[in-house]
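For reference, the structure discussed in these notes is given below.
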Amino acid sequence: MANKLLKPLMSLRFTLLLLSLLGVMFLLGLWIPQRSMVPEALYSQWKLHHPALVGVFEALGFVSIYTSWIMLGLWAFFFINLSLVMWQRLPLIKKRIALPEARLFDPSASPGYPFHASFRLPEEITGATLLSSLRARGYAIVGGENGFYGVKNRLSPIAFGLFHLSFFLILLGGLMSVYTKFAGVLELAQGEVFQGDVASYVPTPQLPKIGTPPKATFTVASIAPQMTNGTPTGLKVQLVDGHGATHEADVNRPYKVDSSSFLVTNVGPAPLFVVRDRSGREIDGAYMKLHVMGGKEDVFSLAGFHFRAHFYPDYFLKDGLPATRSREFKNPAFSISAERDGKTVAQGVVPPKGALAFADYQLVLKDLPYWVSFSVFKEHGVPIIFAGFAVASLAVVWRFLLYRREIVGAVREENGERHLVVAGRSEFYKSLAEDEFTILFTKLSAKSGRANT
Amino acid sequence: MSNWETLFFWMTLVIYSLASGGYIYSFVFKNPRFMSKVTVLISAGFIAHTIAISARYLAQGHLPWAGDYESAMMGGWFIIAGTLYVGWRNKPLQALATATTPLVVIMMGFGVMRNPVLTPMAASLKNYWLYIHVYFAWLAFGGYALAMAAGVLYLLKRKSELRGVVNPSYERFPSLDRLDELIFRYVVFGFITDTIMICAGAIWAKDLWGSYWSWDPVETWSLVSWIIYGIAIHLRVTFGWRNSRFAWIAVLALSTVIISFFGVTFVIDTSLHTFQVR
């Protein structure tokens, strides 16, 4: 009974079916809007217009298809199938890599070897020289000149096992990552200190099921966004850790500490605005991390006033209105609208050290540093996943480039001449292997020619 | 595009187009002598292609890495380089250009209509893993394109043999058995480089996006095409699929690679692989 159940699970046809189904699911994920990938408002609109369709998709889990129960089920079957197929194949691999016992091998009685040829050997080439030449070309040889068997890349079938083992490494690493993953976003301005507290993350981070949030303490010493012809070419962030050591992070070069990565992802202005009264006394002020890049509007409040801010990194007046020439921070300025009780009381452009007068006050832009956002990740499975990638890459190279070639040969005497009679076969290729064997044995029996095939 | 790049890009495109026409002429008018001349023409086009890439490199300070135009330019270069290399090693394989050259013409034509603007190296692209990821992607594309070309030659030659039509142009192709094995060899080459490409991309993505896999549309498509080629290899090695069936797989499966490279970012602009300046 158990065998009957296991048999289809062990079959390679089932593997191909599972792979095809997984492929179909992946493609469905591209076609069906995924909840995590579309804005909530857009998703709600879609649901409103197609309630029945979205209902079916939601019931099947197709709106989060990559973690749906169908997908997880397919993956479960895939790994069960892979385990069983590997279990079944292991004895075969063991058998294939074993060298046959020494006996008198006969090339003319070697079924399954499509290449057959005979080469006349010059006198100076003895059987021993021939065999040592084959060994020098990577062939493991059993037997002697009267009948030998040779195999090149004998261990290549092991790569089959390694390649499929890499899937398990990736699975193991993936599972570890799922359970130990911490993900959060930090927004820190120049000079700001991070002490590892979870409350600093915006919004609330994803906490790990097992493990702790990143234990890191550092101060953002400097932020230097770099733009070339409108293209962001760098975002250098200098950090000083709790021990006073300086670290540099950039896009693509995260700060790594405590199995965590602090990825530099975004930048914005963090101006120090102060409100002064008529006498010039500062009555309120603060550094603001404004989300105003790309023409967005942000708001802040000081001294009981509300301010709407737009940012122009390379400010100029276009048709009397503020605009930016580029996204480079060449001539930064804010367009500020001051409001009280919902009414606009003043409006104007404020460059660094500049001011906007309103009522009996002044809003002064005292300083213009930047804030930077970090995507913070901590997970423990990644090295195992990368080990899986390395094993997969090496195994696939080993299996398909260093494939097996087998030969059976013997040195025979005919009409007073010595001949090397050989039969050969190769994995994957027949015609191409024939060329290879012909070249090989022609070289080995140099000064002689191929007598017959 | 810089002036030199524009000049040599269009020169390349014209030469490759003429070469494609030359192959069609050879087949339609059964004139195989023309084929060797076309190979010379493609070599000239390849030199112009290399100069166009060099001009772009000099103008923007880095090799073409991203965007449809640069993918088409470099992907096309790898495909033609692979075609010339195998044709140089094995003369009958010069005929592979019959299928690869028109493919490159279409790719480059599509690419130049997209975004040929010179841009400095964006911060998101400054990573050593990018070089490995992208170069192996192009190698994979080249391998799969050669498999497709060998598949097309196989199917054409087989059809001609079945009909009993004598076309001396087909005689210049390798034998059907050899073509069948070459298709598999190129598929395997593509699969190896594709595997390395996906792994390198995942490692790079960890530092850039914080996650080694994001189910981004381009990632998903490349995984689908990897699975398809994986299935093809299993069908060949375990189930013995050969000849026409395998040739058709090699021809059709290339569409998934083309979609990964160009199709996804053509339809979707939210892919992380778009690398638009943000």
Side-chain angles (χ1 to χ4, degrees), chain A residues 12-13 15-16 19-20 22-24 26-27 29-30 34 36-38 65-66 163 173-174 177 183 226-235 250-254 261 263-266 294 327 375-377 382 385-386 388-390 392-393 396-397 399-401 427-433 435, chain B residues 61 118-127 129-130 174-175 177-182 184-185 188-189 191-192 194-196 198-200 202-204 206-217 220-221 223-225 227-228 230-231 233-239 256 264 268 270 277-278:
Chain A
L12 202 65
R13 278 195 173 78
T15 315
L16 296 185
L19 284 173
S20 307
L22 282 167
V24 169
F26 297 157
L27 292 181
L30 293 177
Q34 295 299 294
S36 60
M37 293 181 187
V38 293
I65 201 161
Y66 302 114
F163 181 68
S177 288
Q226 293 167 330
M227 284 260 186
T228 312
N229 300 331
T231 301
T233 49
L235 181 49
D250 201 332
V251 176
N252 253 321
R253 273 196 300 123
S261 294
L263 275 74
V264 177
T265 54
N266 215 343
R327 295 187 308 158
S375 290
V376 185
F377 297 95
V382 176
I385 292 172
F386 289 176
F389 288 161
S393 302
V396 79
V397 169
R399 187 70 192 102
F400 286 119
L401 291 189
E427 284 184 305
F428 311 134
Y429 308 106
K430 183 176 164 282
S431 303
L432 298 173
D435 291 350
Chain B
L118 292 168
T119 49
M121 189 82 150
S124 54
L125 299 174
K126 289 178 180 171
N127 190 301
W129 285 106
L130 164 81
S175 68
D177 282 349
R178 197 149 293 210
L179 273 173
D180 177 53
E181 289 185 0
L182 283 169
F184 180 67
R185 183 167 270 197
V188 159
F189 176 80
F191 188 74
I192 291 169
D194 204 1
T195 306
I196 297 170
I198 290 176
C199 295
I203 294 169
W204 175 36
K206 183 77 184 81
D207 276 357
L208 180 62
W209 302 320
S211 173
Y212 49 86
W213 197 263
S214 311
W215 293 110
D216 174 70
T220 309
W221 260 109
L223 181 64
V224 168
S225 70
I227 287 176
I228 286 171
I231 289 174
I233 289 172
H234 278 93
L235 287 172
R236 168 89 179 201
V237 174
T238 317
F239 294 102
T256 62
V264 178
I268 304 164
T270 52
V277 176
R278 282 188 285 260

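Here is the naming used below: chain letters follow the sequence lines, and residue numbers restart at 1 for every chain.
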Need one label for [X]: side chain, backbone, both or neither, based on atoms under 4.5 Å from any heavy atom in chain B.
{"X": "A:Thr228", "answer": "both"}
{"X": "A:Arg399", "answer": "neither"}
{"X": "A:Phe386", "answer": "side chain"}
{"X": "A:Tyr429", "answer": "both"}

Without swapping roles, check the side chain of B:Asp207 against the backbone of A:Arg253 for a donor-acceptor pair under 3.5 Å.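 Side chain of B:Asp207 to backbone of A:Arg253, a donor-acceptor pair under 3.5 Å: no, none is there.
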Dump the intermediate steps for side chain to side chain contact (heavy atoms under 4.5 Å, CB included) on A:Phe428 and B:Val188, then the final yes or no. CA-CA 10 Å; A:Phe428 311 134; B:Val188 159; over 6 Å; no
Compare all side-chain heavy atoms of [X] with those of [Y] and state whether any distance is below 4.5 angstrom.
{"X": "A:Phe389", "Y": "B:Ile198", "value": "no"}
{"X": "A:Ser36", "Y": "B:Trp215", "value": "no"}
{"X": "A:Thr15", "Y": "B:His234", "value": "no"}
{"X": "A:Leu263", "Y": "B:Leu208", "value": "no"}
{"X": "B:Trp221", "Y": "A:Leu27", "value": "yes"}
{"X": "A:Ile385", "Y": "B:Lys206", "value": "no"}

Of the backbone (N, CA, C, O) and the side chain (C-beta and beyond), which part of [X] lies under 4.5 Å from a heavy atom of chain A, both, or neither?
{"X": "B:Leu223", "result": "side chain"}
{"X": "B:Arg185", "result": "both"}
{"X": "B:Ile196", "result": "both"}
{"X": "B:Phe239", "result": "side chain"}
{"X": "B:Leu118", "result": "neither"}

Counting heavy-atom pairs under 4.5 Å to chain B, which of [options] comes out on top?
{"options": "A:Val264, A:Asp435, A:Leu19, A:Leu432", "result": "A:Leu432"}
{"options": "A:Thr265, A:Val382, A:Leu235", "result": "A:Val382"}
{"options": "A:Leu401, A:Leu12, A:Asn266", "result": "A:Leu12"}

Non-hydrogen atoms of B:Ala123 and A:Gly234 that approach each other most closely: CB-N, 3.5 Å
Just verifying a value: how many Å separate B:Leu130 CG and A:Asn252 CG, rounded to the nearest 0.5 Å?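 If we round to the nearest 0.5 Å, B:Leu130:CG and A:Asn252:CG are 8.0 Å apart.
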I need the A:Phe400 CZ to B:Phe184 CZ distance, nearest 0.5 Å. 5.5 Å
Could B:Lys126 and A:Asp250 be called an ion pair, given the rule that one side-chain N must be under 4.0 Å from one carboxylate O? no
